[in-house]
Structure formats: structure tokens, C-alpha cells
Number of protein chains: 2
Amino acid sequence: MRRGFERSKADFGADRAATLASVAAAAGVSRQTVSNIFNAPHKVQLATRRRVEAEIARQGYRPNRSARSLRIQRSGLVGYCVKPPSPAGDPIMDRFVHSLCQAAERDAYHVLLFAATPDGPMAAYEHLVAQQAVDGFVISDTTVDDARQEWFQRRGVPFAAFGRRWSGPEIGAWIDIDGAAGVAAAVHHLAELGHRRLAFIGWPEGSGVGDDRCRGFREAAVERGLAVAGIAHTVNHYDDGRRAAAELLAQADPPTAVVCVSDELAVGCDTAIRDRDLVPGRDVAVTGFDDTSSAALPTVSLTSVRQPLQEVGDHVVRLLVDALRDPGADPEHVLLVPELVVRHSTDHPDRTVP
Amino acid sequence: MRRGFERSKADFGADRAATLASVAAAAGVSRQTVSNIFNAPHKVQLATRRRVEAEIARQGYRPNRSARSLRIQRSGLVGYCVKPPSPAGDPIMDRFVHSLCQAAERDAYHVLLFAATPDGPMAAYEHLVAQQAVDGFVISDTTVDDARQEWFQRRGVPFAAFGRRWSGPEIGAWIDIDGAAGVAAAVHHLAELGHRRLAFIGWPEGSGVGDDRCRGFREAAVERGLAVAGIAHTVNHYDDGRRAAAELLAQADPPTAVVCVSDELAVGCDTAIRDRDLVPGRDVAVTGFDDTSSAALPTVSLTSVRQPLQEVGDHVVRLLVDALRDPGADPEHVLLVPELVVRHSTDHPDRTVP
DNA sequence: CTGTTAGCGCTTTCAT
DNA sequence: ATGAAAGCGCTAACAG
């Protein structure tokens with residue numbers, strides 16, 4: 001029977017992991033001095049410090065995390081709950097999670113990832129809090145009737161949200177993308193291209209994010225004095241976007257540009273335009289939201305609103321660290337303006353002013 | 001100045017978190033008995049057990065994780081390194097990560113997520129090992145010259161891989177998707193539809209995953225006695241797929257079906273077919289790999305190979321847990337056959353036998 | 001600036 | 001079946 005590891009965990013146990021004591025003994029100083037090297041370097045004389053540091057490097061010593069956490073009563077972990085994958089895939093999850101990790105590590109934190117359990121939405125959070133497994137949470141995808149913020153507040157659990165509160169009183173710190181501003185940027189862009197008659201395809205009403213983006217459309221249209229040729233509300237599926245767009249385009253006085261609440265719906269709209277033997281961007285303009293990989297496909301080439309997720313990660317960690325440091329401080333709220341990525345769906349090479 | 005939390009962390013400190021001692025005192029038993037409830041329930045009389053359990057529930061007590069980890073010398077954490085997001089987005093990352101979390105939690109583990117640091121590929125791994133922050137690692141995206149497995153072995157660090165070893169001796173347990181079988185399934189499907197002349201668009205040679213899928217194509221073509229009208233190798237971009245497909249289709253005796261190593265390239269191929277005023281699936285068939293959201297778009301409707309990522313998560317956690325339990329055991333290797341999702345790109349409604 | 005002491009909350013012998 | 005005692009590795013308070 002072949003061994004899986006030349007040097008298994010059991011063998012490894014022979015030369016035990018380095019500890020404060022092993023480093024101290026080898027360097028001929030007290031354990032406290034070694035500890036100080038990490039936690040209060042200025043308290044150690046340069047000569048001894050050098051010597052101890054050499055020994056630390058030689059043994060590859062790092063303070064044991066459990067022991068340290070137990071002593072200082074902090075885990076150094078940030079909890080984040082991943083939502084179940086949707087069939088359509090999540091266009092921003094991978095970027096957000098990576099930026100979250102990076103930002104956390106800059107502040108000497110790590111991310112503890114967990115999935116929701118079947119027994120209630122807060123069960124997994126509760127479990128981690130009771131175990132004192134994490135110092136706080138980052139949450140995302142906040143909804144209109146989100147119960148999490150209030151739950152955290154009631155228990156004094158520090159957190160920071162990617163996504164604002166859509167109802168009720170403000171609780172805790174959040175950072176969010178200004179969806180209304182993103183959609184407004186699309187409207188302004190279209191207005192500058194000469195479009196005077198616009199339509200909007202949004203999600204069903206009541207969804208926080210969706211309503212916000214819809215408001216951005218309405219307000220920008222008013223501000224620019226543009227005609228609104230219709231506002232549709234539909235679930236976030238390609239087919240529904242295609243159907244909604246077909247109806248809008250079949251009107252007596254159809255829009256020359258359609259602003260969509262998501263790339264998924266915008267790609268449906270793109271198809272509806274082609275269904276009428278029109279060319280997206282040349283005959284009818286379209287915009288989406290999220291700058292997904294589908295939008296970037298040259299066959300689609302969709303103008304879309306891109307969320308600055310790197311910055312979101314940086315901010316959300318900062319907000320949490322602030323809450324951890326000073327639980328009594330005023331929670332901060334940050335609204336980031338996203339960026340419009342212009343492609344052929346609004347700016348076709350053969351386009352003439354509508 | 002408004003307070004962020006009605007009951008801040010500081011206030012919260014007043015009624016400290018429940019401990020073994022607090023539960024024991026309230027229930028009128030020793031700390032040991034409370035501990036036994038969790039770790040050796042059979043050793044406790046039913047009557048006292050009920051009483052203590054009631055008190056545990058009342059106080060919402062859970063054993064402190066740091067203390068427990070320190071005592072038993074295990075963190076209950078599995079490390080997983082997220083790779084930086086690519087511009088194209090990762091089509092399978094969200095599904096894999098979620099299944100990883102779920103599977104880990106079934107075995108009372110949690111996932112510690114971290115990002116690679118600038119200072120060397122193993123620096124982040126090393127840091128976590130030295131701190132004893134995790135009990136082992138799950139790795140994915142194994143490459144031909146992957147140095148991680150050997151590194152883990154040398155240090156006796158338990159791990160399990162999603163992705164086989166592409167070179168060198170076997171080290172550790174892995175689970176992988178049988179890409180060759182997936183591509184072969186596509187070839188067999190095409191053969192059954194009557195196609196006799198196929199081409200393949202793959203990645204540059206030397207990439208483990210890509211070569212494996214290419215081999216699946218060659219072998220299945222031989223097995224079925226099909227003609228090979230060309231094998232292209234290109235980087236994984238839409239435009240390159242389109243260009244490669246254009247060349248293959250411009251030949252004197254072009255293929256009637258093109259098998260692609262990825263959805264990204266397959267969508268490029270789809271465009272190249274349309275560029276020649278042909279209809280994908282009716283005139284020339286195309287297949288991709290990964291069943292991404294782009295493939296599922298009805299405008300594309302791409303037949304594609306879908307990886308069973310839920311099962312991959314289950315297996316990879318099982319393999320790691322096995323390695324943790326018995327470091328000396330033979331590492332297991334699992335190869336999962338993926339499933340072909342048939343759509344219009346191979347089975348167009350108006351299709352006639354080629 | 002260095003060394004000693006105590007204890008974070010838990011599990012694991014060992015007695016009873 | 002239950003209770004007492006020891007100690008995992010660390011940091012903070014204090015004494016020298």
C-alpha cells in the first residue's frame with residue numbers, strides 16, 4: 001500500500017510546530033520578548049530583535065491563530081454568506097468576492113464563507129455569532145424587507161452592507177452603487193446622441209434596486225425633456241425582455257432607444273430589434289446594466305453600466321473595520337457612481353441621428 | 001450624535017457571552033457535564049441532560065470556537081484561494097464555491113477564503129499553515145506545472161484538488177471532470193445526427209484541460225470513423241474563435257460540425273457561421289463547453305457540456321476530510337463524466353441530414 | 001527593556 | 001455518571 005504523503009501528519013507531529021516558547025528558547029530570551037516582536041516591536045532592543053527575528057524566520061514561526069484569538073477575544077474573521085447560484089449565473093459575484101478578500105487581507109482579516117442553511121435565514125448567522133467564530137459580517141444583496149440589519153443591531157453584531165436599506169430606519173453602515181445615476185448616465189448619453197423618444201424595460205415593481213434604476217430613468221428623461229414611449233416591468237429573463245421590447249417597438253410611435261435595467265433584458269431587447277430587421281445601435285439603441293460577459297460579446301456589443309466592484313470591496317471592509325473599532329460611531333453611507341461602458345448598441349458605426 | 005447601535009459592543013459586554021461555566025452554574029452541574037453534552041452525550045444521564053440542554057438553549061450557548069480549536073488543535077476551517085477575476089468572468093466559480101461551502105458545512109467545517117498575495121504564489125498558503133489557521137486546503141484550476149501539490153506534500157499539509165495532476169507523479173487526492181469524455185459525448189451526438197466531417201477549435205497546446213478535451217475529440221472521431229477537417233489552437237477569446245472558425249469553413253471541403261473547447265470560442269464560431277450566411281445547427285453544427293449563460297441565450301442556443309459542480313464540491317470535501325482523518329491512506333482519484341446539454345446549435349428545427 | 005504570572009474557554013485525563 | 005485539575009499557545013499587567 002502506497003503512502004499518500006512521504007511525511008504524513010503523524011510523522012509531522014515529531015517536530016512540532018514552532019511556538020512562542022520554542023522560538024524564545026532557541027533565541028535565549030523570554031516568551032514575552034518574542035510576543036513583543038509581533039505586538040509591540042518598539043519595546044524590544046534592536047540587537048535582540050534581530051536575533052529573535054532570525055530565529056522566527058528559521059523556525060517559520062507565526063503566532064497560533066486560535067490561541068491568539070482566544071486571548072484577545074477576536075477571531076480576525078469576517079463572515080460572508082454566499083447565496084445559492086441562480087441558473088443565469090451571477091454576473092458580479094466573482095469580482096465582488098475577490099475584492100472582498102483582498103481588502104480584508106489588507107486589514108489582517110480573512111473571510112469566512114458560509115452558505116445559508118435550510119433552517120431559517122438567520123440560523124447560519126446565529127450559529128457563527130454564538131460560537132464567536134467571526135468578528136462581524138459583510139452582507140450583500142439587501143432587499144426591501146431585509147431582516148438582517150435589524151437582527152444584527154438587536155444583538156450588537158457589527159456588520160457592513162453592500163446595498164442600502166430600502167425601507168425602514170437606517171441601521172448600520174452601507175455602501176451601494178447609485179443605480180439611478182448609472183441609468184441616468186445612459187439616458188444622458190442617448191440624449192447627446194440625439195435620441196428624443198426613450199423607453200425603459202425594468203423589473204417588477206417593489207425590488208429596491210429595480211425601482212431605483214427606474215427612478216433614475218424617469219428623472220433623467222424629465223431633466224432632458226425627453227419623451228417616454230413606455231415603461232415595461234418584467235422578470236429578469238431574456239425571453240421576457242425580448243417580448244417586452246417587441247411590444248414597445250410595435251407601438252405607433254416607437255422609441256428610438258431602449259434603456260434596460262439589466263444586461264439579460266437588454267440582450268432580449270437586442271434580439272427584438274433584430275427580429276424587426278432593424279440594426280441595434282444604428283436604428284434603435286439599447287443599454288444594459290452590469291457589463292456582463294454577454295454584453296461584451298462583439299455580436300451583441302452592448303452599452304452597459306459597470307459597477308466599480310473593486311472599490312465596493314475596499315469600502316465595505318473599511319466600514320466594517322470602523323464599526324469594529326468604534327461601535328458607537330455614526331454609521332457611514334457611501335454611494336458610488338458607476339461608469340457607462342459605451343459600445344455599438346448605442347454607437348453603431350453606420351448610425352445616423354434619429 | 002446618534003448612536004449606530006442601540007446596544008453597542010461595549011454595552012453588550014455587560015452581559016457577557018455564554019460560556020461553559022455560565023451554563024454549568026445556571027444548571028447546577030459541573031462544566032465537564034456541559035462539555036459532555038456536546039462531545040459525549042451518552043455519558044450524561046437523560047434527566048440532567050434535558051435540564052442542561054434547556055439552559056443551553058436559554059442562554060444560546062455554543063462552544064467558543066477559538067477555545068475549542070486551541071484545545072483540540074484543529075481549526076475546523078478549510079482554506080480556498082480565489083483567483084483574480086478574468087475580464088471574461090469565470091463561468092463556474094460561483095457554482096463551485098457555493099457547493100464547496102455547503103459540502104464543508106455538512107462535515108462541520110467552514111471555508112476560509114483568501115486571495116493570492118503579490119509576494120509569491122505560495123506565500124498566502126504558507127502564512128495560513130504557519131498560523132495553523134486551517135486544517136487543510138481545497139485547490140482548483142490545477143495546471144501542468146502546478147507546484148502546489150508538491151509543496152503541500154513536502155510540508156505534510158492535507159489537501160484535496162478539483163483538477164487532476166497533469167504531469168509528474170500523483171500527489172494527493174483529486175476529483176476532476178472528464179473533459180475528454182465530455183467532448184467525446186459531443187462527437188457521438190454529432191455522429192448520430194449524421195455528421196461525417198468534423199473540426200475542433202481548442203486552446204494552445206500544453207494546457208492540461210485543453211489537451212485532454214482535444215484528445216477526447218481525436219479519439220472519438222477515430223472511434224466513429226469520422227473525417228477530421230482541421231484542428232485549430234487559439235487563445236480563449238471570442239474573436240479568435242470566430243477567426244479560426246472562418247478559416248476552417250473556408251476550406252475546399254469544410255466540416256459540417258465544429259466542436260469547441262469552450263463556450264467562448266463556440267460563440268465566436270457561431271458568428272463565423274452566420275458571417276457566411278449559414279444557419280448554426282441547420283447548416284453547420286457547433287458545440288461548446290461549460291454551459292455558460294451565454295450558451296443558454298436563445299439567440300445562441302448552444303449545445304454545450306455541463307460540469308456537475310454540485311457533485312464536485314461534495315467529493316472534494318469528502319476527499320479532504322478523508323485525508324484529515326487518515327493522512328496515511330491512499331489518496332483517491334475521482335473522474336466525473338459531464339453531461340451534454342443539447343440545444344439548437346446542433347439540433348436546429350429545420351435541420352436536414354448533412 | 002526584560003522576565004514572571006495569570007487566564008482567555010475549552011477538552012481530556014484522572015479520581016471519585 | 002459526575003467533579004477536579006491540567007494545559008493547549010497566546011497576550012496583558014505588572015515587577016524588576
Side-chain angles (χ1 to χ4, degrees), chain A residues 13 15-53 55-56 59-77 108 128-135, chain B residues 13 15-53 55-56 59-77 108 128-135:
Chain A
D15 51 7
R16 305 176 57 85
T19 70
L20 218 45
S22 75
V23 173
V29 295
S30 77
R31 287 159 45 208
Q32 183 49 30
T33 302
V34 182
S35 176
N36 281 339
I37 301 268
F38 286 90
N39 303 302
H42 59 276
K43 289 189 179 173
V44 176
Q45 232 165 14
L46 198 65
T48 48
R49 183 168 148 190
R50 290 267 179 275
R51 188 155 42 94
V52 175
E53 274 171 348
E55 189 56 34
I56 286 170
Q59 297 195 18
Y61 170 74
R62 293 279 196 313
N64 177 293
R65 194 157 178 149
S66 302
R68 181 163 216 276
S69 296
L70 176 60
R71 189 60 182 84
I72 67 179
Q73 298 287 67
R74 291 188 284 106
S75 66
L77 257 29
L128 292 168
V129 169
Q131 291 185 124
Q132 298 163 74
V134 298
D135 296 336
Chain B
D15 52 7
R16 305 177 56 87
T19 70
L20 219 44
S22 75
V23 173
V29 295
S30 77
R31 288 159 45 206
Q32 181 49 29
T33 303
V34 183
S35 176
N36 281 338
I37 301 267
F38 286 91
N39 302 303
H42 59 275
K43 290 189 178 174
V44 174
Q45 232 165 15
L46 198 65
T48 48
R49 182 168 147 189
R50 290 268 180 273
R51 188 156 39 94
V52 176
E53 273 171 347
E55 189 56 34
I56 286 170
Q59 296 196 19
Y61 170 74
R62 294 277 196 313
N64 176 292
R65 195 157 178 148
S66 302
R68 183 163 214 277
S69 296
L70 176 60
R71 188 61 180 81
I72 67 179
Q73 299 286 65
R74 292 189 285 107
S75 67
L77 257 29
L128 292 168
V129 168
Q131 290 185 126
Q132 298 163 74
V134 299
D135 296 337

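Residue numbers begin at 1 in each chain, while the letters A, B, ... track the order of the sequences.
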Expressed as a whole number of angstroms, how long is the span from [X]:[atom1] to [N]:[atom2]?
{"X": "A:Gln132", "N": "C:dC10", "atom1": "CD", "atom2": "C1'", "value": "12 Å"}
{"X": "B:Arg50", "N": "D:dA1", "atom1": "CZ", "atom2": "C1'", "value": "17 Å"}
{"X": "B:Asn64", "N": "C:dG7", "atom1": "CG", "atom2": "P", "value": "18 Å"}
{"X": "A:Gln73", "N": "C:dC10", "atom1": "CD", "atom2": "C1'", "value": "12 Å"}
{"X": "A:Arg68", "N": "C:dG9", "atom1": "CZ", "atom2": "C1'", "value": "18 Å"}
{"X": "B:Arg65", "N": "D:dC10", "atom1": "CZ", "atom2": "C1'", "value": "19 Å"}
{"X": "A:Ile37", "N": "D:dA12", "atom1": "CD1", "atom2": "C1'", "value": "17 Å"}
{"X": "B:Phe38", "N": "C:dG9", "atom1": "CZ", "atom2": "P", "value": "15 Å"}

Can you give me the N/O atom pairs linking the protein to nucleotides 3-5 of chain C at distances under 3.5 Å, or say none if there are none?
unit_1 : atom_1 : unit_2  : atom_2 : d
C:dG3  : OP2    : A:Ser30 : N      : 2.9
C:dG3  : OP2    : A:Ser30 : OG     : 3.2
C:dG3  : OP2    : A:Thr33 : OG1    : 3.2

B:Arg71 vs C:dT12: side-chain N/O to OP1/OP2 distance below 4.0 Å: no
Any A:Ser35 side-chain nitrogen or oxygen under 4.0 Å from OP1 or OP2 of D:dA12: no
DNA chain C contacts among residues 39-47 of chain A, heavy-atom distance under 4.0 Å: A:His42, A:Lys43, A:Val44, A:Gln45
side-chain contact (heavy atoms from CB on, under 4.5 Å) with [X]: which residues, sequence neighbours excluded?
{"X": "B:Ala133", "answer": "A:Arg65, B:Leu128, B:Gln131"}
{"X": "A:Arg71", "answer": "none"}
{"X": "A:Ala67", "answer": "A:Asn64, B:Leu70"}

Which part of the nucleic acid does [X] contact within heavy-atom distance under 4.0 Å: base, sugar-phosphate only, or nothing?
{"X": "B:Leu20", "answer": "base"}
{"X": "A:Tyr61", "answer": "sugar-phosphate"}
{"X": "A:Ser66", "answer": "nothing"}
{"X": "A:Ser69", "answer": "nothing"}

So if I take every side-chain heavy atom of [X] and compare against [options], which nucleotide ends up nearest?
{"X": "B:Pro63", "options": "C:dT11, C:dG9, D:dT11", "result": "C:dT11"}
{"X": "B:Leu70", "options": "C:dG9, D:dA12, C:dT11", "result": "C:dG9"}
{"X": "A:Thr19", "options": "D:dC10, C:dC10, D:dT2", "result": "D:dC10"}

Axial bend angle, the helix from C:dC1-D:dG16 to C:dT16-D:dA1: five-pair end segments, nearest 10°: 40°
With [X], which residues qualify under side chain to side chain donor-acceptor pair (under 3.5 Å), at least two apart?
{"X": "B:Ser75", "result": "B:Asp135"}
{"X": "A:Thr19", "result": "none"}
{"X": "B:Thr33", "result": "B:Ser30"}

Within residues 27-41 of chain A or reaching into it, pairs that qualify as salt bridge (charged side-chain N to carboxylate O under 4.0 Å, His left out) - sequence neighbours excluded: none
Gap between atom OG of A:Ser66 and atom CZ of B:Arg68 - 0.5 Å precision: 11.5 Å
For residues 42-52 of chain B, which side-chain N or O atoms pair as donor and acceptor with protein atoms under 3.5 Å away, sequence neighbours left out?
unit_1  : atom_1 : unit_2  : atom_2 : d
B:Thr48 : OG1    : B:Gln45 : O      : 2.9
B:Arg49 : NE     : B:Glu53 : OE2    : 3.4
B:Arg51 : NH1    : B:Ala27 : O      : 2.5

Contact check, side chains of B:Ile37 and B:Val23, non-hydrogen atoms, under 4.5 Å: no
Nearest non-hydrogen partners of A:Pro63 and A:Phe38, listed with the distance: CD-CE2, 3.6 Å
